[in-house]
Amino acid sequence: MRDIPSRYNPQEFEKSIYSKWEKEGLFHTIPSDSKKPFTITIPPPNVTGILHMGHALNNTIQDILIRWKRMQGFASLWVPGTDHAGIATQNVVEKKIAKQGKKRDDFGREKFIDEVWKWREEYGSTIIQQLKRLGSSCDWERTRFTMDAGLSEAVLEAFISLYKRGLIYRGNYIINWCPRCHTALSDEEAPHVDTEGKLYYIRYPFKDTQKAQGIVVATTRPETMLGDVAVAVNPKDKRYKKFIGEKLVLPIVGREITIIEDDFVDKKFGTGAVKVTPAHDPNDFAMGKRHGLEGVLVMNSDATMNENAGRYKGMDRFEARAGILKELDEQGLLVKTEAHAHAVGHCYRCHTAIEPYLSLQWFVKMKPLAEPAIEAVKRGDIKFTPKRWTKVYLNWMENIRDWCISRQIWWGHRLPVYYCNACGEVIVSKTKPERCPECGSTNIRQDEDVLDTWFSSWLWPFSVLGWPEKTKDLEYFYPTDTLVTAPEILFFWVARMIMAGIEFTGKAPFKDVYLHGTVRDLTGKKMSKSLGNIIDPIEIIDEFGTDALRYSMIAITATGQDVFLSKEKFEIGRNFANKIWNASRFVLMNIKGFKAEPCGEIASDASLADKWILSKLNSAIEAVTGSLEKHKFNEAEAVIYDFFWHDFCDWYVEMVKPVLMDNSRSETKERKSVERILLHVLENSLKLLHPFMPFVTEAVWQNIMERKSIMSEAWPVSDKKTIKKGIEKEMETIKSIIVSTRNIRSDMNIPHTVKFSVFIKPLKKGKGNILEPGRDYIKNLARLGDLVIDDDLKKPEACATAVLEDYNLFIPLKGIIDIGAEKDRLGKKIAELEKQLRFTDVRLKDEKFITRAPEKIVEQEKEKSSKLKEQIKRTKETIKSLD
RNA sequence: GGGCGAUUAGCUCAGUUGGUUGGAGCGCUGCCCUCACAUGGCAGAGGUCACUGGUUCGAGUCCAGUAUCGCCCACCA
């Protein structure tokens, strides 16, 4: 017998098992005529990414699905890859070169991009390596990168196709500008953060000083006043009606501006008069358009003031704000300042306050794309789990706005747009045209901008399978099945993928969208580096093992709910992995040659315990499979945990131990049957556990059982004939006798080394026979000297009693038992029973209940009442007999 | 300003379509190093299911409202 350590040591197995899986090509999937496809494309982590708990949860769920489907015989494909993450990656490389005292301009565009690729070569596979440690069974041969040749081709194809359909346009609009990243952002990339700001009231004097003192406007961004071109009031506002059309003098600048009327203005906010700054505010921009007012840009792209800001030129926007306020105050034009809470957009990459900024950008017209994507979800082609996200999706889609896709950075897919320097012609083309089709000039330049990272991500489910080529993979694996992701990127990514899928392939890209929760710390904060509340998954893997990480994570994650993590929670999984290991160790140590035939038909002379555990096993198979189908992963885990630990280890194994330990029975049929069933249950349990805990199950399967990979085993199918509720009920009765006996032993402080006898008197003749098959289990598990079951039993003297439903159970304890204490104990039992009886009787006395509740329920209640009464009566008799 | 989620044992959370006595893990109490496992075993204590109304024979579960916490969306400067 080989030595199997009594503790499961994950470090010993995980890496070698994983590389063996990889070497044997078990993750690789190709189209197969004999199999149905099951496809997931990974939400590509940023190439700069480092595995965090969100990834751990996200990828564990995907791996569970992929491994489960693979075992079910699907061509189960999980396509991995990384996202080039334009802004994020460029920022990282800029930080790196900053350490050498350099800026990107010192390199120039091409050289800088070379630097990014170098960085990617060096560090870009970190996240991939970490996903492997998580046990992810991705088809690594298919690893894609959003900047690789194929995906870049897909991006160009998508851009040109949309352009041809008139869905891409270029124009001057107010966009979200990040002054730190120096680029435009989409609305989604500039989330609003509630900010405690100030509202400044500034007086703009009339040109004709005779009129009045002036008009007071309120603003949160006084520095933008340098770009004001008008003051607007509501046409219905009586206070200002008379001033419409009058001229004001813009303080500091001295520019003459007009008072205009516009319905947009809210009479109740501030003073009811609003400064109009079309180049720095989206509303003002719209107002400017309505009134034919050109905007004046007063800032540079780094949010310093430009030449239009006069003496504030060159100053940072906040510096300028302070200066302007001071100057206004000195001139007596700053009327008042009040606290004002408002939401300010911030860059999602660097958290700098964004600046609404007028600039020339490229946009995608979204409405035509959104319409079919809305229909697809309404029709049910795509289902969200949890369902509530459907509404969120639809609400966003129905109010969708155009998507700003151009970014003023270098790292990304450059726009396939060329300009003729001679005639100004705009040419959209995959490659640089030799000559201008309009004037024939060869003086042609490419647009400097790159595309939003999400412009490649939204193509992911089909671009990774070869689109725009019509590949076999695309035909076979697309549309994919399930998308597993976090709700944070519902708009960024999920919604856009649905639109792109329908637009470019004519099909919705997936059928199910499973949105899991956000990983938080115990105080409810999102885990983030800046908060310092990170639990590093790799550290957890090193300390507790990958299976512990995976199991615990899933166990505490209810569908779509946020996950609150602390380090201690990983003990759940670690302990369970150890339990699996030790139970396997026990089974294998007791089986000769580690071999056993498949269990097959259950012999009619199989023991009660055998039939019972098989019934429970098949119920568990059914339940685990059902829960997986419903994507209730925590439920699936709970079922297998409960079955394996409690039914199998705590009861079945304990029940069969005497057979295994008794040498005289070593060659018996009984022994062989037990061995077979132990192995059968273990095998099936390991298979059910494998998607959740891939390493420990494989370690047992390969290293202890010396078999080929469990990954390729077939998922268990429940044999419904084997599920026998009668057997399960019978076993419950036997268990209740064992528990009652142990209970008395514990109450009486009788050490488990002391054996005593139990006498059972069935209430009805023949009920005793039911217990016969369980006789040995009761004797062994309750540690009895003898068990007497007798219809005509007379109650022994000085005994402890358990009054069960169909039996009276006596334990003679002469010299040990304290009669007074026993009376008290039974008295408490009566009190419990009476409490229950009161509830039932209240119900039964209620005529409405009798007449309106279903007959079945009423019958149940009546039966319960009579049983309780009967048990109370018997318990009272027992107490009396103690006198 | 809208929308969503949470509120159940000391802690962290499950709880299917309303139906007998509301579960788990951790922690706690008592006993056990019993020949797979002390990362373990046996037994136990612990709950007005946030609050107020309503529907119902019957509500943790369905409806309305309140409170607290959290999240998302939104162009009142």
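Order of the sequence lines sets the chain letters (A, B, ...), proteins ahead of strands, with each chain counted from 1. FYI, side chains are in, hydrogens and waters are out, and symmetry mates aren't considered; it's all heavy atoms of this structure. In this text, all values refer to a predicted model and were calculated from it rather than measured experimentally.
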By nearest atom, which of the nucleotides B:U21, B:C72, B:C37 is closest to the A:F491 side chain? B:C72
To the nearest Å, how far apart are A:R401 CZ and B:C73 C1'? 11 Å
A:D228-A:Y204 side chain donor-acceptor pair, cut-off 3.5 Å: yes
Looking across every strand, which nucleic acid part, if any, lies under 4.0 Å from A:H280 by heavy atom: base, sugar-phosphate, or nothing? nothing
Is the distance from the ring center of A:W645 to that of A:Y641 below 6.0 Å? yes
Using only side-chain N and O atoms of A:R783, determine if any of them is under 4.0 Å from OP1 or OP2 of B:C42. no
Rounded to whole angstrom units, what separation is found between the NZ atom of A:K828 and the C1' atom of B:G44? 11 Å
When the nearest nucleotide of RNA chain B is assigned to A:E654 and to A:I556 on a heavy-atom basis, which residue is associated with the more 5' position? A:I556
For a quick check of understanding: with a heavy-atom distance under 4.0 Å over all strands, which category does A:R7 fall into, base, sugar-phosphate or nothing? base
Which atom pair, heavy atoms only, marks the closest approach of A:Y8 to A:N578? N-OD1, 3.0 Å
Does B:G41 have OP1 or OP2 sitting under 4.0 Å from an N or O in the side chain of A:K579? yes
For the side chain of A:I572, starting at C-beta, report the closest nucleotide among B:A77, B:G19, B:G25. B:G25
Kindly give the heavy-atom pair with the smallest separation between A:F544 and A:P10, and that separation in Å. O-CG, 3.8 Å
For nucleotides B:U8 and B:G15, find the distance between their P atoms and express it as a whole number of Å. 14 Å
Using heavy atoms to find the nearest nucleotide of RNA chain B for A:S584 and A:N575 separately, return the residue whose nucleotide is more 5′. A:S584
Would you classify A:R574 as touching base, sugar-phosphate or nothing, given that sugar-phosphate means primed atoms plus P, OP1 and OP2, and contacts are heavy atoms under 4.0 Å? base
May I have the distance from A:L490 (atom CG) to B:G3 (atom P), rounded to whole angstrom? 18 Å
Would you mind telling me which of B:G41, B:G44, B:U34 lies closest to the side-chain atoms of A:N743? B:G44
Distance, C1' atom - from B:A64 to B:G1, rounded to whole angstrom: 22 Å
B:C76, OP1 or OP2 - any side-chain N/O from A:K268 closer than 4.0 Å? no
Where the side chain of A:V739 is defined as all heavy atoms beyond and including C-beta, which of B:G25, B:A43, B:A77 is the nearest nucleotide? B:A43
Do A:K198 and A:R321 touch side chain to side chain, with heavy atoms closer than 4.5 Å? no
A:N634 side chain: which of B:U21, B:U56, B:A14 is closest? B:A14
Aromatic plane relationship, A:F492 with A:Y348 - under 30° parallel, 30 to 60° tilted, over 60° perpendicular: parallel
Residue A:Y641, side-chain atoms from C-beta onward, closest of B:C4, B:C57, B:G25: B:G25
P spacing across the pair B:U48 / B:G23, given as an integer number of angstrom: 15 Å
Please work out if A:P191 contacts a base, only the sugar-phosphate, or nothing of the nucleic acid, heavy-atom cut-off 4.0 Å. nothing
Checking all strands, does A:V587 fall into the base, sugar-phosphate, or nothing category for heavy-atom contacts under 4.0 angstrom? nothing
Please work out which of the three classes, parallel, tilted or perpendicular, describes the rings of A:F648 and A:F644, given edges at 30° and 60°. tilted
Within the 3.5 Å criterion, strictly below it, is a donor on A:E338 or A:Y201 matched to an acceptor on the partner's side chain? yes
Taking any heavy-atom pair under 4.0 Å as a contact, classify A:F285: base, sugar-phosphate, or nothing. nothing
If the C1' atom of B:G46 is compared with that of B:G40, how far apart are they to the nearest Å? 24 Å
With a 3.5 Å cut-off and just heavy-atom distances, do the side chain of A:K632 and the base of B:A14 make a donor-acceptor pair? no
Given B:C42, B:U20, B:A36, which nucleotide is nearest the side-chain atoms of A:R843? B:U20
Distance, rounded to the nearest Å, where A:I4 contributes CD1 and B:C37 contributes C1': 12 Å
Looking for any heavy atom pair under 4.0 Å, which part of the strands does A:R745 touch: base, sugar-phosphate only, or nothing? nothing
Using the ring of A:F839 (Phe, Tyr or Trp, six-membered ring only), decide whether A:K864 places NZ or CZ under 6.0 Å from its centre and within 45 degrees of its axis. no
Would you indicate what A:Q860 reaches in the nucleic acid, counting non-hydrogen atoms under 4.0 angstrom: base, sugar-phosphate, or nothing? base
Proximity to the side chain of A:S746 - top-ranked nucleotide from B:G3, B:G30, B:A77: B:G30
P atom, B:C72 versus B:C26: distance in rounded Å? 34 Å
Calculate, to the nearest 0.5 Å, the distance between atoms OG1 and CG belonging to A:T697 and A:L682 respectively. 10.5 Å
So, is A:H340 close to the B:A77 phosphate, meaning a side-chain N or O under 4.0 Å from OP1 or OP2? yes
Starting at CG of A:N578 and ending at P of B:A36, how long is that distance when rounded to a whole Å? 15 Å
Its dot-bracket string being built from Watson-Crick and G-U pairs below 3.5 Å, with | for another strand and [ ] for crossing, RNA chain B has the pattern (((((((..((((.....[...)))).(((((.......))))).....(((((..]....))))))))))))....
Nearest-Å distance once atom P is located in both B:C11 and B:G47: 13 Å
Given B:A43, is OP1 or OP2 found less than 4.0 Å from the side-chain N or O atoms of A:R742? yes
With a 4.0 Å cut-off on heavy atoms, is A:N395 in touch with a base, just the backbone sugar-phosphate, or nothing at all? nothing
Given B:A24, is OP1 or OP2 found less than 4.0 Å from the side-chain N or O atoms of A:W645? no
Would you say A:K657 reaches B:A36's phosphate, i.e. side-chain N/O to OP1/OP2 under 4.0 Å? yes
Closest approach to the side chain of A:R388, judged atom by atom: which nucleotide of B:U20, B:G5, B:C57 is it? B:G5
Any A:R585 side-chain N or O less than 4.0 Å from OP1/OP2 of B:C35: no
Measure NZ/A:K569 against P/B:A24 and give the value in whole Å, please. 17 Å
Send over the distance from A:F264 CZ to B:A77 P, rounded to a whole Å. 9 Å
At 4.0 Å (heavy atoms only), tell me whether A:E571 reaches a base, stays on the sugar-phosphate, or touches nothing. nothing
Look at A:K856 together with A:E859 and state whether they make a salt bridge at an N to O cut-off of under 4.0 Å. no
Given atom NE2 of A:H631 and atom C1' of B:A14, what is their separation to the nearest angstrom? 19 Å
